[in-house]
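Right, one structure below, let's go through it.
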There are 2 protein chains.
Amino acid sequence: MPDPMYRRIADDLRDKIESGALPNGSQLPTEIELRERYDASRNTVRDAMKWLITRGLVETRPGQGTFVVDKIVPFVTQLTGDPGTGRDDEGPVYVAEVEATRREPTSTEPRVEIQQAIGVVQSQLKLPDSSTVVSRHQQRYIDGTPWSLQTSFYPMSLVERGAIKLIQATNIDEGAVAYLGTRLGLRQVGYRDKVTVRAPDSNETAFFKLPDDGRVAVFEVQRVAFDDLVQPFRLTISVYPADRNQFAVSVGQVPDDVRGHR
Amino acid sequence: MPDPMYRRIADDLRDKIESGALPNGSQLPTEIELRERYDASRNTVRDAMKWLITRGLVETRPGQGTFVVDKIVPFVTQLTGDPGTGRDDEGPVYVAEVEATRREPTSTEPRVEIQQAIGVVQSQLKLPDSSTVVSRHQQRYIDGTPWSLQTSFYPMSLVERGAIKLIQATNIDEGAVAYLGTRLGLRQVGYRDKVTVRAPDSNETAFFKLPDDGRVAVFEVQRVAFDDLVQPFRLTISVYPADRNQFAVSVGQVPDDVRGHR
DNA sequence: GGGTATTTGTCCGTATGTATT
DNA sequence: AAATACATACGGACAAATACC
């Protein structure tokens, strides 16, 4: 009793891809040809295609055909750094070099909103009920391609204490942490990241130009920053497509290079 | 001209799920009922189901029906710690508390193999061609449920220098790093992790009991450990199901609790 | 620009198998 | 054993995207 036919077809094609008989970027036979070759119906062949698509092995282009996917060179993002620096300005991360070429990140001007603190925002920032927060949302690009969606949340009390730049819809050039340091004497002594993976929502699918069949997941990185009283004062949520990003964590003494190595 | 019908059906059901009209764990109408309700064919209804399944919103149980998935309480794994400790014994990580109850990890005795160093193993350990490595593979459980698959690679030269426990198929109780410290005077001064996400292979699908439609991805964490000459001496590759795991990174001074908070 | 052939996308109906209750 | 519900597979039709002449 073998597996279902669509699985046998998919396994056979997967073997051909992994053995190199179907090289990267090459075109698969059309669904009609595969239908004849495997003596199955076109719908069954298409079920096999869906299995391969889900695993990121092939992609279909309407009007053209089905192709073996090209390997993507991932962006590497360093999660660890100097906890006191403002280097991670609007964002929770700074970019490490990728494959020898240093790519330059750009980002849109922030969209600023005043919101009620609910859910993770409230719990991570340890705010009482009915608190308000400033939300600063940005779209970030590397070399012009969409790279991450990022939203930082600050307790409204920081603005009331004088950090008015937080509610201005312009980038804070010196970095938000550095600004809060000079403006309020607030010192970041550490932060904590949480990395999870989930399916993208429709906004993310559109911004990252992900296939809308949901096969590409997104990383969600939550960074909570703490001041010298070890109280949280900022929550940043960053979202990255999982198919072209990876994260590096360094502890102790390690060599410099953070190359791809794949 | 709206979206395809299967997307409209899927969107409508997704709205019902996210609004709470279809609560967690509840059963959806059967495909036949949905066929009548949306005036579509059963195959089209099933296309909508596949879309929802891919996004982890519902699950089907043959003979029973389709159900809204229950939220999973994730395991939290701390990636940062004392670089010099042997606390992370066979594995690259140690377990943080999850939801107040401290769960106990167990693992199988390691399966030990001698292999050629190729690919990432060779490049990360910076070994010349035709080097051999010791591979120690373990299955790890938390409270009896499969949690991670883990393989550590050590240059064969460590065994030749006297670290014979590495080629014994038993756990190294004091921790591999501590053992290498006392046996060879080898000191770990740091390590670097790389976190990626990919589709599971068939081994992983079987061990973690993942649905074989490939909708659940896996985390792959590569940890390279460095000695006091900042040379790599161990590579550990750990794989975790992405739907029930998350990773925490602490930098600087942060509070203790690493709770789920979701 | 227009027209045509090719290829994948969507949708239908039907039949049969398999798992669960 | 029977009923229910999802899984697999078939065949057909038309639409939409793309490439080429």
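Just so it is clear, the model here is predicted, and its values are computed rather than measured. Note on naming: letters A, B, ... go to the chains in the order of the sequence lines (proteins, then strands), and numbering restarts at 1 for each one.
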Starting at CD of A:Glu36 and ending at P of D:dG11, how long is that distance when rounded to a whole Å? 12 Å
Rounded to the nearest 0.5 Å, what separates atom CG in B:Asp243 from atom CG in B:Leu210? 6.5 Å
Output for pair (A:Gln222 CD, A:Ser238 OG), nearest 0.5 Å, gives 10.0 Å
Below 4.0 angstrom, N of the basic side chain to O of the carboxylate: do B:Asp12 and B:Arg8 qualify? no
Does a salt bridge link B:Glu33 with B:Arg35, judged by any charged N lying under 4.0 Å from a carboxylate O? no
Between C:dC11 atom P and B:Tyr38 atom OH, what is the distance in whole Å? 14 Å
For B:Leu28 and D:dC6, give me the distance from atom CG to atom C1', rounded to whole Å. 13 Å
To the nearest 0.5 Å, how far apart are CZ in A:Arg14 and CD1 in A:Ile17? 9.5 Å
Nearest to side-chain heavy atoms of A:Glu31, which nucleotide of D:dA5, C:dG9, D:dA9: C:dG9
Among D:dG11, D:dT8, C:dT10, the nucleotide that comes nearest once only the side chain of B:Tyr6 is considered: C:dT10
Please report, rounded to the nearest Å, how far the P atom of D:dC10 is from the CG atom of A:Leu34. 13 Å
Can you list the residues that meet the side-chain contact (heavy atoms from CB on, under 4.5 Å) rule with A:Ser26, with sequence neighbours excluded? A:Leu22, A:Pro23, A:Val68
For nucleotides 15-21 of chain D, read 5' to 3', which letter fits each nucleotide if B means a protein heavy atom sits under 4.0 Å from the base, S means only the sugar-phosphate is that close, and - means neither? --BBS--
Contacting residues from residues 199-210 of chain B, given that a heavy atom lies under 4.0 angstrom of DNA chain C: none
Taking the six-membered ring for Trp and the single ring otherwise, decide whether the centroids of B:Trp147 and B:Tyr240 are under 6.0 Å apart. yes
As its Watson-Crick or G-U partner within any shown strand, both distances under 3.5 Å, D:dA1 has none
Does the ring centre of B:Phe207 sit less than 6.0 Å away from the ring centre of B:Tyr141? yes
Within residues 41-60 of chain A, find the residues that approach DNA chain C with a heavy atom at under 4.0 Å, and present them sorted by residue number. A:Arg42, A:Asn43, A:Arg46, A:Thr60
Between B:Gly65 and A:Met5, which has a closest nucleotide on DNA chain D that is more 5'? B:Gly65
Length of the line joining B:Asp39:CG and C:dC11:P, which is rounded to integer Å: 13 Å
Rounded off to whole Å, could you give me the CZ-to-C1' distance for the B:Phe67 and C:dT20 pair? 11 Å
The reported gap from OG in A:Ser148 to CD in A:Glu204 (rounded to nearest 0.5 angstrom) is 10.5 Å
Rounded to whole angstroms, how far apart are CD1 on B:Ile32 and P on D:dA3? 16 Å
Looking at B:Asp201, is its backbone amide N or carbonyl O close enough to the side chain of B:Thr205 to form a donor-acceptor pair, meaning the two atoms are under 3.5 Å apart? yes
Short N-O contact, B:Glu109 and B:Arg136, less than 4.0 angstrom: no
Calculate, to the nearest 0.5 Å, the distance between atoms CG and OG1 belonging to A:Leu57 and A:Thr54 respectively. 9.5 Å
With under 30° as parallel and over 60° as perpendicular, where do the rings of A:Phe219 and B:Phe219 fit, or are they tilted in between? tilted
Interface with DNA chain D, restricted to residues 9-17 of chain A and to heavy atoms under 4.0 Å: none
Residues in ring-ring contact (aromatic ring centres under 6.0 Å, His included) contact with A:Phe67, at least two apart in sequence or another chain: none
